[in-house]
Participant: 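Quick one: structure below, then a few questions.
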Amino acid sequence: MASKLAIFLLMMLILAATSSAGQIAIYWGQNGQEGTLEETCATGNYDYVVIAFLPTFGNGRTPMLNLAGHCDPYSNGGYSLASTEDARQVATYLWNNFLGGGQSSSSRPLGDAVLDGIDFDIEGGTNQHWNDLAKYLSAYSSKGKKIYLTAAPQCPFPDAWIGNALTSGLFDNVWVQFYNNPPCQYASGNEANLLDAWKQWTSDIPTDKIFLGLPASPQAAGSGYITASELTSIVLPAIKGSQKYGGVMLWSKYYDDQSGYSSAIRDYV
């Protein structure tokens with residue numbers, strides 16, 4: 001998300017309440033000072049909590065979860081999908097270890113907790129077979145509980161890594177990263193570039209909802225931070241009329257704790 005995390009991807013999604021109003025999604029898991037997952041959910045500020053990250057999988061690698069300071073993190077071994085069959089095998093692993101399959105297995109990193117879906121934050125590797133992974137994961141919805149699929153592409157359109165996969169119509173929410181990308185992010189007093197990109201994302205991607213992805217504090221990203229007052233008075237009024245407007249995604253829980261950003265914008269989203 002922030003540049004130092006650009007090689008990480010694919011996070012498990014915890015789905016909270018659904019609503020017709022705008023919602024807030026938050027990334028949790030990359031700073032031991034951000035509180036527990038239970039404490040994060042108990043704030044009442046977030047509708048989605050994305051557990052970050054699973055930075056190692058595919059192409060023969062043993063999948064490894066990295067929750068940074070929350071526990072002993074594994075090293076980052078990289079990720080890519082070598083083939084359609086590789087995508088199927090990764091989907092099977094995710095189903096059995098994080099979703100509804102294999103609930104009695106001792107290998108599940110989070111025990112018998114069943115997460116609601118998978119988030120694709122692809123910022124490296126290759127651009128191949130992500131649509132296959134989405135297809136195989138989506139197929140598990142036929143087993144009873146819907147598997148939600150989300151993604152966090154960069155705002156330049158189309159996204160270099162998962163642009164093709166996002167045209168599949170399989171993703172429920174797409175939270176676009178409108179930061180660390182000057183050509184399509186907000187500059188103080190000038191929302192034109194962001195609005196142009198927003199219109200393209202909302203018109204060209206077949207998904208239920210598009211979220212405005214932002215850093216929760218100036219320190220959370222190299223560029224693209226929008227003050228709460230500018231967001232609520234300038235940017236949100238300009239995008240909330242879109243039928244695909246879903247709300248705001250924030251990186252991350254740790255930075256939100258420092259700034260109080262979600263509390264400042266909650267009533268306006």
Participant: What heavy-atom pair brings Ala87 and Tyr136 nearest, and what distance separates the two atoms?
Facilitator: C-CD1, 4.1 Å
Participant: Check whether any side-chain heavy atom of Ile24 lies under 4.5 Å from a side-chain heavy atom of Ile265, and answer yes or no.
Facilitator: yes
Participant: State the OH-CG distance between Tyr48 and Asp172, to the nearest 0.5 angstrom.
Facilitator: 8.0 Å
Participant: Please answer whether the main-chain N or O of Phe53 pairs with a side-chain N or O of Asn66 as donor and acceptor at a distance below 3.5 Å.
Facilitator: no
Participant: Please check if the side chain of Arg266 supplies one atom and the backbone of Ser263 the other of a donor-acceptor pair under 3.5 Å.
Facilitator: no
Participant: Output the distance between atom CD1 (Ile51) and atom CG (Leu37), rounded to the nearest 0.5 Å.
Facilitator: 5.0 Å
Participant: Are any side-chain N or O atoms of Lys244 and backbone N or O atoms of Ile210, one a donor and one an acceptor, separated by less than 3.5 Å?
Facilitator: no
Participant: Applying side chain to side chain contact (heavy atoms under 4.5 Å, CB included) to Glu230 and Val235, what does each step give before you reach the verdict?
Facilitator: CA-CA 7 Å; Glu230 289 176 300; Val235 178; 5.7 Å; no
Participant: For residues Leu54 and Tyr79, determine if any side-chain heavy atom of one lies less than 4.5 Å from a side-chain heavy atom of the other.
Facilitator: no
Participant: Has the side chain of Gln177 got a donor or acceptor atom that lies under 3.5 Å from a matching backbone atom of Ala152?
Facilitator: yes
Participant: Pick out which of Tyr245, Trp175, Tyr27, Trp251 makes a ring-ring contact (aromatic ring centres under 6.0 Å, His included) with Phe211.
Facilitator: Trp175
Participant: Between Asn181 (side chain) and Tyr179 (backbone), is there a donor-acceptor pair under 3.5 Å?
Facilitator: yes
Participant: What pair of heavy atoms forms the shortest contact from Gly117 to Ile147, and how long is it?
Facilitator: CA-CG2, 4.1 Å
Participant: Verify, without hydrogens or angle tests, whether His70 (side chain) and Asn31 (backbone) share a donor-acceptor contact under 3.5 angstrom.
Facilitator: yes
Participant: Can you find a pair of side-chain heavy atoms, one from Phe157 and one from Ile205, that are under 4.5 Å apart?
Facilitator: yes
Participant: How many angstroms lie between atom SG of Cys41 and atom CG of Asp47, to the nearest 0.5 angstrom?
Facilitator: 11.0 Å
Participant: Could you check whether any side-chain heavy atom of Trp28 comes within less than 4.5 Å of a side-chain heavy atom of Glu34, counting everything from C-beta outward?
Facilitator: yes
Participant: To the nearest 0.5 Å, what is the distance between OG on Ser252 and CD on Gln258?
Facilitator: 9.0 Å
Participant: Treating Asn193 as the side-chain partner and Gln185 as the backbone partner, does any N or O pair qualify as donor plus acceptor under 3.5 Å?
Facilitator: no
Participant: Side-chain contact, heavy-atom cut-off 4.5 Å: Ser223 with Pro182?
Facilitator: yes
Participant: Step by step, work out the side chain to side chain contact (heavy atoms under 4.5 Å, CB included) result for Ile226 and Phe178.
Facilitator: CA-CA 10 Å; Ile226 306 176; Phe178 286 93; over 6 Å; no
Participant: Near Lys199 NZ, under 6.0 Å, is it more than 12 heavy atoms from other residues, nucleotides or ligands?
Facilitator: no
Participant: Which pair of non-hydrogen atoms, one from Cys155 and one from Trp201, has the smallest distance, and what is that distance?
Facilitator: O-NE1, 2.8 Å
Participant: Quickly, which of Asp119, Asp116, Asp121 forms a side chain to side chain donor-acceptor pair (under 3.5 Å) with Thr150? Name it, please.
Facilitator: Asp119
Participant: Between Asn127 (side chain) and Ile162 (backbone), is there a donor-acceptor pair under 3.5 Å?
Facilitator: no
Participant: Would you give the length of the straight line joining atom CD of Glu191 to atom CG of Asp196, rounded to the nearest 0.5 angstrom?
Facilitator: 10.0 Å
Participant: Around atom CG of Asn164, are there more than 12 heavy atoms of other residues, nucleotides or ligands at under 6.0 Å?
Facilitator: no
Participant: Could you pull out all residues at least two apart from Phe171 that satisfy ring pair (Phe, Tyr, Trp, His ring centres under 6.0 Å)?
Facilitator: Phe120
Participant: So, do Leu166 and Pro153 sit near enough that their side-chain heavy atoms are less than 4.5 Å apart?
Facilitator: yes
Participant: So, Ser259 side chain and Ala216 main chain: donor-acceptor pair closer than 3.5 Å or not?
Facilitator: yes
Participant: Closest approach of Trp95 and Arg108, non-hydrogen atoms and distance?
Facilitator: O-NH1, 4.0 Å
Participant: Please report the closest heavy-atom contact between Pro55 and Met64, naming both atoms and the distance.
Facilitator: CD-O, 3.2 Å
Participant: Are Thr126 and Leu81 close enough, and set up right, to give a side chain to side chain contact (heavy atoms under 4.5 Å, CB included), and what steps lead you there?
Facilitator: CA-CA 8 Å; Thr126 76; Leu81 297 174; 5.9 Å; no
Participant: Taking Lys240 for the side chain and Gly22 for the main chain, is one N or O donor matched with an acceptor at less than 3.5 Å?
Facilitator: no
Participant: Before you tell me yes or no, could you show the steps for Tyr261 and Tyr225 under ring pair (Phe, Tyr, Trp, His ring centres under 6.0 Å), namely the whole-Å CA-CA distance, both residues' side-chain angles and the distance that decides it to 0.1 Å?
Facilitator: CA-CA 11 Å; Tyr261 198 81; Tyr225 174 72; 5.7 Å; yes
Participant: Would you say that Tyr186 contacts Ile234 through its side chain, given a criterion of any heavy-atom pair below 4.5 Å between the two side chains?
Facilitator: yes
Participant: Around Lys143, counting heavy atoms of other residues, nucleotides and ligands shown, do more than 12 lie under 6.0 Å from its NZ?
Facilitator: no
Participant: Any chance you could measure Asn59, atom CG, to Gln89, atom CD, to the nearest 0.5 Å?
Facilitator: 10.5 Å
Participant: Hey, are Asn131 and Ser168 close enough side-chain-wise for a donor-acceptor pair under 3.5 Å?
Facilitator: no
Participant: Please find the pair of heavy atoms, one from Lys145 and one from Leu115, that lie closest to each other, and give the distance.
Facilitator: NZ-O, 3.9 Å
Participant: Begin from the C-alpha positions of Asp208 and Tyr148 and carry the test side chain to side chain contact (heavy atoms under 4.5 Å, CB included) through to its verdict.
Facilitator: CA-CA 11 Å; Asp208 292 339; Tyr148 290 87; over 6 Å; no
Participant: Measure the shortest side-chain to side-chain distance between Leu133 and Val90 over non-hydrogen atoms and say whether it is less than 4.5 angstrom.
Facilitator: yes
Participant: How far apart are the C-alpha atoms of Tyr46 and Asp256, what are their side-chain angles, what is the distance that settles it, and do they pass the side chain to side chain donor-acceptor pair (under 3.5 Å) test?
Facilitator: CA-CA 11 Å; Tyr46 314 120; Asp256 191 38; 2.5 Å; yes
